[in-house]
Amino acid sequence: MSDPMLNSLQESQIEQIQNKMADIKNQNTDFRVIMIKIKANNTEIHEQARAFKLCLIGRAADNDFIVEDPACSRNHCIIYFKQDRLVVRDLFSRSGTFINGTKIPAFEDQFLVEKDIIQVNEDIFTVHHVTKVEKINPLAPELTTEGCADVKCPYCNKQAEEFVNHLQELTQNVQTVCELIKEQKKQQALIQSSIQSAVNLAKKLEDAQNVLYTADIFEDKKQLKLKESKKEVKESKKELKESKKDEELDINELKQEEAPKKSRLGSVFGMFSKMFKSKSQVIEEKPTQEGDLGVADLNINEQITQEPPTQEKQQEPAVPQYEFDGKIQE
C-alpha cells in the first residue's frame, strides 16, 4: 500500500531527501548529541537518554525515535552535525517541525544548542548535551557525581546525581552491547565457516553419488550385455541341436529309403544263389534207374564235369554270397 504522505511529495523533493540522507550518512564527526524523549503531557516522565551521531525522527520503523501518530511523516526530520555543529532539518513534513515553539522552514538547516526543545506533533525531544566521543567512551567514562548533589534535572526535577548515574549505566550498557556485537560477529564467522564446510561436503557427496551412479550404469550395461550373450549362446545351442536333429532325421529317412532297395537286391541275389545251388546239386546228383547206372547218364555227367570253366563263367557270372538279412558279404 502506498503512503499518502509519500505520494504528496514531488519527485524532486524525494530526490533531494535521498541525496541529502546519503551525504549525511557519509560524513565523519567525533561529536555526539545526547537526546531525551519526554512523554507527552507529562514532562516529569522521560525515556532513557540516548547518544547519536545523527538522529532520524518519524513514523517509519527504521527511525531512531518513532512517533506513533498518523499525521507524522515517515521521515519527519533529521538531527545531525554540520562542521561539528548540531543542526536540524525538516524533510518536507506535512505538519512541520517546531524548535522552542517556532516552526522552522522545510528542508533548511537550523542550528541547535543544549536545552533546545524539538516538537514533532505531540512528541517532545530535548538536546541534553553535545560532546565529543571521548567523553562518552564506555572504556573511559568521564561523567562524575562530584558537585551534583544539589543540582536537579530541568526536565523531571530529579537529582542530577541520579541522572549522572543513569548515564554511567548507559555507557556501561553500550560497552556490553559492543562486546555482544563482537561475540555475535565471531559466532557468525563460525556459522559461515560451518556452512561453507557443509556446502563443500555436500559437493563432495554429490560428486561421489555421480561416480556411483555412473558405475551403476556401467555395471547395468555390462550385465545386460552378459545376458544378451548368454541368450545368444542358448539360441545357438538350440539351433545346433535342431540342426543335428534334422540331420538325424535325414539320415533315418535315407536309411529307410535304402532299406527296401537293399532288401530287393538281397532277394534277387538270394534267388540267384538258390538257382546256382540247385543247379550244382543237379550236377552233383547221380541218377539211377532201378538201381543201375546208365551209360547215357555217365556220358552226360562226364560232359558236364569236363566242360571248360571259361564257358561256365560266361554262362553264369560269379555271384557274391549274401545273407538273408539283406546285408551284402563280399
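Hydrogens, waters and symmetry mates play no part in the numbers below; they use all other heavy atoms, side chains included. Note that the coordinates shown come from a computational prediction; the quantities given were computed from them, not determined experimentally.
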Ile99 side chain near Leu112 side chain, heavy-atom distance below 4.5 Å
yes

Evaluate whether atom CD of Glu68 has more than 12 neighbouring non-hydrogen atoms of other residues, nucleotides or ligands under 6.0 angstrom away.
no

Would a single hydrophobic cluster contain both Val199 and Ile191, if residues Ile, Leu, Val, Met, Phe, Trp and Tyr are joined by side-chain heavy-atom contacts under 4.5 Å?
yes

Considering all heavy atoms of both residues, which atom of Arg74 and which atom of Asn63 are nearest to each other, and what is their separation?
O-ND2, 2.9 Å

With respect to Val233, which candidate in Glu235, Lys237, Lys230 satisfies the side chain to side chain contact (heavy atoms under 4.5 Å, CB included) definition?
Lys237

Can you find a pair of side-chain heavy atoms, one from Phe65 and one from Arg50, that are under 4.5 Å apart?
yes

Search all heavy atoms of Arg94 against all heavy atoms of Ala71 and return the closest pair with its distance.
NH2-CA, 3.6 Å

Do the side chains of Asp30 and Lys132 get close enough for a salt bridge, i.e. N-O under 4.0 angstrom?
no

Plane angle bin for Phe107 and Phe92 - parallel if under 30°, tilted between 30 and 60°, otherwise perpendicular:
parallel

Does any N or O in the side chain of Asn19 come within less than 3.5 Å of the main-chain N or O of Gln16, such that one atom is a donor and the other an acceptor?
no

Kindly say whether Lys234 contributes a backbone atom to a donor-acceptor pair with the side chain of Glu232 at under 3.5 angstrom?
no

Between Asp64 and Ile79, is any pair of side-chain heavy atoms under 4.5 Å apart?
no

Pairing donors with acceptors under 3.5 angstrom, does anything connect the side chains of Glu114 and His129?
yes

Is the count of non-hydrogen atoms from other residues, nucleotides or ligands lying under 6.0 Å from Gln27 atom CD greater than 12?
yes

Would you say Ile66 and Phe125 are hydrophobically clustered, going by side-chain heavy atoms of ILVMFWY under 4.5 Å?
no

For Ile36 versus Ala49, what's the shortest heavy-atom pair and its separation?
CG1-CB, 3.8 Å

Can you tell if the side chain of Val33 reaches within under 4.5 Å of the side chain of Phe81, non-hydrogen atoms only?
yes

Nearest-0.5 Å distance that lies between atom CD1 in Ile104 and atom CG in Asp109:
9.0 Å

Do Lys185 and Gln187 have side chains that get closer than 4.5 Å, going by heavy atoms?
no

May I ask you to test the Val67-Ile57 pair for a side-chain heavy-atom distance under 4.5 Å?
yes

Side-chain donor/acceptor of Asn100 to backbone N/O of Ile117, under 3.5 Å
yes

Can Gln192 and Gln196 be said to form a side-chain hydrogen bond (donor to acceptor under 3.5 Å, both in side chains), step by step?
CA-CA 6 Å; Gln192 289 179 354; Gln196 188 63 35; over 6 Å; no

Between Asp90 and Ser93, is the side-chain hydrogen bond (donor to acceptor under 3.5 Å, both in side chains) condition met? List the steps.
CA-CA 6 Å; Asp90 182 83; Ser93 65; 2.5 Å; yes

Linked, directly or transitively: Phe98 and Ile38 (ILVMFWY side chains, under 4.5 Å):
no

Taking C-beta and beyond as the side chain, do Asp69 and Asp123 meet within less than 4.5 Å on heavy atoms?
no

For atom CD of Gln83, decide whether the heavy atoms of other residues, nucleotides or ligands shown that lie under 6.0 angstrom number more than 12.
no

Do Thr97 and His76 come close enough that some side-chain heavy atom pair is under 4.5 Å?
yes

Which atom pair, heavy atoms only, marks the closest approach of Val130 to Val127?
CG2-CG1, 4.1 Å

For Phe111, give me all partners under ring-ring contact (aromatic ring centres under 6.0 Å, His included), at least two apart in sequence or on another chain.
none

Scanning both residues in full, the closest heavy-atom pair of Val120 with Cys72 reads CG1-SG, 4.0 Å

For Cys77 and Leu56 the tightest heavy-atom approach is O-CD1, 3.5 Å

State the CG-NZ distance between Leu226 and Lys221, to the nearest 0.5 angstrom.
16.0 Å

Under the criterion side chain to side chain contact (heavy atoms under 4.5 Å, CB included), I'd like the reasoning laid out for Lys20 against Tyr80: C-alpha separation, chi angles, the key distance, then a yes or no.
CA-CA 11 Å; Lys20 187 63 179 177; Tyr80 66 100; 3.3 Å; yes

Looking at CZ of Arg89 and NZ of Lys82, how far apart are the two atoms once the value is rounded to the nearest 0.5 Å?
6.5 Å

Do side-chain atoms of Ser194 reach the backbone of Leu190 as a donor and acceptor pair under 3.5 angstrom?
yes

How far does CG of Asp116 sit from CE of Met35, to the nearest 0.5 angstrom?
10.0 Å

To the nearest 0.5 Å, what is the distance between CD1 on Ile24 and OG1 on Thr29?
12.5 Å

Hey, what do you get for CD1 (Ile78) to CD1 (Ile17), rounding to the nearest 0.5 Å?
10.5 Å

